[in-house]
Amino acid sequence: MIFFGGDYNPEQWPPPVWREDVALMRSAGVNLVTVGVFSWSRLQPSPGDFDFGWLDEVLDLLHDNGIGVCLATPTASPPPWFTRAHPDAMPVTRDGVRLTHGSRDTYCVNAPAYQEASQRIAGALAERYGGHPALRLWHVHNEYGTTCYCDHCALGFRRWLSRTYGETGVLNEVWSADFWSQRYGGFDEVLPPRATQYLSNPAHVLDYRRFVSDAMLAHYVAQRDLLRPSGVPVTTNFVLGGWVPVDHARWAREVDVVAVDDYPASLDDHLSERAFVADLARGWAGGEPWILMEHAPGAVREADGVTRVMPPGQASAAASAYLDGGASGVMYFQWRAGRGGAEQWHPAMVPLLSELAPIGEALSTRTPVRVDATRALIYDEQSMWAWQSPHLPTPFVDYTGTARRWHRAMGSPVDVVPVGASLDAYTLVVAPLLHLVSGAEHKALRSYVSDGGTLVLTYGSGLTDEHCRMTPGAFDDLAGVRVVRHRPGERGVWLDEIEPVNAAVVLSAEGRPLVTEHRYGRGLVRYVAADLEDLTRWARS
């Protein structure tokens with residue numbers, strides 16, 4: 001079975017509308033709805049009181065009509081009574097500004113009061129609904145992504161550093177702390193990378209992002225472990241974007257099923273963007289089925305902030321892009337748009353049921369597709385983080401955009417896999433802009449090629465180790481070239497000036513080698529030294 005439905009917010013509507021909604025859901029083939037994502041203030045109107053009566057009625061109504069429930073814990077949006085009682089649990093920006101209540105995601109994941117309150121509401125939901133016949137899936141939190149720099153985070157960061165490095169001598173070494181007199185005498189001297197006079201230490205910033213990812217994961221795991229005794233799968237919805245401080249490849253090992261939200265930024269390219277996300281989610285899931293937890297029905301909000309309606313038939317094409325990539329669920333945000341609130345203009349399913357209902361009907365007899373790919377693209381979120389650092393010689397390298405271009409050029413089917421994934425099944429692997437490369441990953445890539453694989457590397461690869469320490473010439477022996485220097489090109493995009501050593505030049509311009517090929521062991525390494533307009537020739541075996 002493939003799930004079809006979306007986020008449902010019955011607390012925003014009176015009970016007569018619930019019955020109308022359920023009738024429409026049945027006619028549209030909806031078999032799963034996500035409930036309770038932002039319901040904390042209704043479920044727990046005051047610190048000592050819970051109100052589950054309305055949710056009992058909603059779940060019973062859905063079950064009686066054959067509609068399953070993905071029940072969320074509402075911890076992404078604490079109620080006003082909590083933030084008033086615990087102002088120290090509100091997030092603090094890099095500039096030291098403590099945010100106030102009035103939106104979503106107003107929490108610090110490291111604040112003890114917030115952790116305690118989160119586990120209390122999650123535990124209450126588990127106790128009451130763990131055996132409910134409508135329950136198909138637990139949905140912890142929503143789109144983890146709030147970064148905080150408060151004193152709670154400072155304490156947690158120091159503990160994380162102590163566990164990771166053991167002693168400050170090691171920390172000073174991996175952070176290159178002798179630069180600008182940043183050497184630490186003890187972990188108690190370390191702060192989050194708050195606003196400072198000039199450029200921050202890139203290793204410090206990178207480790208803080210890793211810490212935030214781990215702290216949020218601990219928040220997820222604490223709730224997951226309260227919900228798991230029900231025997232119902234537990235997940236959370238991964239949100240994508242350069243601002244997200246979550247290493248999803250790491251998180252994927254802790255969820256029972258990978259679930260992602262996807263909001264393309266281009267109407268013209270939305271199908272290729274969706275195909276990339278489908279392959280990415282499947283890669284995080286290790287080839288297993290995954291769920292599209294959210295996407296916008298019938299429209300794309302583009303990079304300029306304008307929401308543009310998709311032409312007729314594109315909603316079905318969008319669903320197919322995910323299904324072809326192995327999705328076991330095609331879910332939307334949202335079922336019915338609210339009359340008020342900040343997302344009242346967000347697209348919803350109800351006005352578009354004439355176009356969406358045929359999708360639901362078609363999915364009623366389908367099962368998830370299994371994708372068998374012999375080619376892979378490596379996508380590393382931590383390298384994406386590294387490319388965002390302001391200390392680089394150009395700010396115009398778009399890691400994710402470049403990965404999408406290579407993915408499109410490779411054709412289908414392609415697996416998008418994280419760093420560290422096994423490459424044994426692939427005849428061709430493309431690794432664009434692989435900024436951070438550890439010693440273990442260097443060894444793995446060399447082993448892959450030596451055993452007969454074809455590896456495509458690009459400019460801006462192997463720049464540093466996992467601690468942002470420069471590793472000049474790190475791939476020279478593998479690629480059979482000498483990288484003379486890295487520099488921005490005419491458009492500000494990174495390019496490498498290279499000299500062939502053992503490699504053959506297969507493309508050049510104005511006497512400059514642009515693409516080389518080098519036999520290494522039983523395999524081949526192709527090095528693309530510049531941002532070429534047409535990648536197709538170099539993205540194929």
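The basis for the numbers below is simple: all heavy atoms, side chains too, and nothing from hydrogens, waters or symmetry mates.
- Ion pairing between a basic and an acidic side chain is recognised when a charged N comes within 4.0 Å of a carboxylate O; Asp247 and Arg209 show no such pairing.
- Residues that satisfy the side-chain contact (heavy atoms from CB on, under 4.5 Å) test with Thr471, not counting sequence neighbours, are Asp465, Ala474.
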Stepwise, does the side-chain contact (heavy atoms from CB on, under 4.5 Å) test hold for His248 with Val258? CA-CA 9 Å; His248 293 108; Val258 167; over 6 Å; no

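- Looking at Asp214 and Trp160, their side chains do bring a donor and an acceptor atom within 3.5 Å of each other.
- For an aromatic pair to be called close, the ring centres must be under 6.0 Å apart, and His141 with Tyr107 satisfies this.
- Note: His435 and Tyr399 fail the aromatic proximity criterion, with ring centroids not under 6.0 Å apart.
- Atom CG of Asp372 has 12 or fewer neighbouring heavy atoms from other residues, nucleotides or ligands inside a 6.0 Å radius.
- Every residue two or more places apart in sequence or in another chain was checked for a salt bridge (charged side-chain N to carboxylate O under 4.0 Å, His left out) with Glu294, and none qualifies.
- Taken to the nearest 0.5 Å, the CH2 atom of Trp180 stands 9.0 Å off from the CG atom of Asn201.
- For Arg482, the side-chain contact (heavy atoms from CB on, under 4.5 Å) partners are Asp476, Val484, Glu499, Val501, not counting sequence neighbours.
- Within the 4.5 Å cutoff, side-chain heavy atoms of Trp175 are placed close to those of Tyr184.
- What you find for Cys148 and Met90 is that their closest heavy atoms are SG-O, 4.4 Å.
- In this structure a side-chain-to-backbone donor-acceptor pair under 3.5 Å is missing from Arg224 to Val234.
- A heavy-atom distance below 4.5 Å is not found between the side chains of Val449 and Val429.
- Taking the six-membered ring for Trp and the full ring otherwise, His152 and Tyr114 have centroids separated by 6.0 Å or more.
- A donor-acceptor pair under 3.5 Å is formed between the side chain of Arg522 and the backbone N or O of Asp451.
- For His295 and Phe333, the gap between ring centers reaches or exceeds 6.0 Å.
- A donor-acceptor pair shorter than 3.5 Å can be found between the side chains of Asn142 and Asn237.
- Separation of atoms CG (Asp95) and OG1 (Thr196) is listed at 11.0 Å; rounding is to 0.5 Å.
- In the model, His467 has no side-chain atom that pairs as donor or acceptor with a side-chain atom of Glu173 under 3.5 Å.
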Working note: Val260 + Met293, criterion side-chain contact (heavy atoms from CB on, under 4.5 Å); need CA distance, chi angles, decisive distance, verdict. CA-CA 6 Å; Val260 301; Met293 192 64 79; over 6 Å; no

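- In summary, Arg98 and Asp88 do not engage in a salt bridge, as defined by a charged side-chain N under 4.0 Å from a carboxylate O.
- Side-chain atoms of Tyr263 and Arg301 include no donor-acceptor pair closer than 3.5 Å.
- In this structure, the side chain of Ser389 does not engage the main chain of Ala386 through any donor-acceptor pair within 3.5 Å.
- For the 3.5 Å distance criterion, the side chains of Thr536 and Asp534 qualify, holding a donor opposite an acceptor.
- Looking at Arg158 and Asp151, no side-chain N of the basic residue comes within less than 4.0 Å of a carboxylate O on the acidic one, giving no salt bridge.
- Residues Ser118 and His219 have side chains in contact (heavy-atom distance under 4.5 Å, counting atoms from C-beta outward).
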Take Thr93 and Arg194, measure what side-chain contact (heavy atoms from CB on, under 4.5 Å) needs, and give me the verdict at the end. CA-CA 8 Å; Thr93 69; Arg194 297 166 177 162; over 6 Å; no

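- Under the 4.5 Å side-chain criterion, counting only non-hydrogen atoms from C-beta, Leu532 is in contact with Leu514.
- Within the 4.5 Å cutoff, no side-chain heavy atoms of Arg487 are placed close to those of Asp496.
- Between Leu445 and Phe475, some side-chain heavy-atom pair lies under the 4.5 Å cut-off.
- Checked by atom type, the side-chain pair Tyr165/Asp207 shows a donor-acceptor distance below 3.5 Å.
- Between Tyr379 and Phe276, the distance separating the two ring centers is shorter than 6.0 angstrom.
- For the 3.5 Å distance criterion, the side chains of Asp415 and Tyr426 qualify, holding a donor opposite an acceptor.
- Atom CZ of Arg159 sits about 12.5 Å away from atom CG of Leu161, to the nearest 0.5 Å.
- The stretch residues 375-401 participates, sequence neighbours left out, in no salt bridge (charged side-chain N to carboxylate O under 4.0 Å, His left out) pair at all.
- A side-chain donor from one of Trp251 and Ser213 sits under 3.5 Å from a side-chain acceptor of the other.
- Checked against the 6.0 Å centroid threshold, Trp494 and Trp387 count as a close aromatic pair.
- Gln223 and Thr75 share a donor-acceptor pair across their side chains, judged by distance under 3.5 Å alone.
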List the steps and the verdict of side-chain contact (heavy atoms from CB on, under 4.5 Å) for Val277 and Leu240. CA-CA 9 Å; Val277 168; Leu240 311 180; 3.6 Å; yes

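- The side-chain contact (heavy atoms from CB on, under 4.5 Å) check on Ala215 picks up Val109, Asn110, Phe211, with sequence neighbours excluded.
- Listed by first then second residue, pairs satisfying ring pair (Phe, Tyr, Trp, His ring centres under 6.0 Å) with a partner in residues 515-541 number zero, not counting sequence neighbours.
- Side chain of Glu302 to main chain of Leu267: a donor-acceptor pair is present (N/O by atom type, distance under 3.5 Å, no hydrogens or angles).
- Note: Tyr149 and Tyr208 have parallel aromatic rings, judged against thresholds of 30 and 60 degrees for the angle between ring planes.
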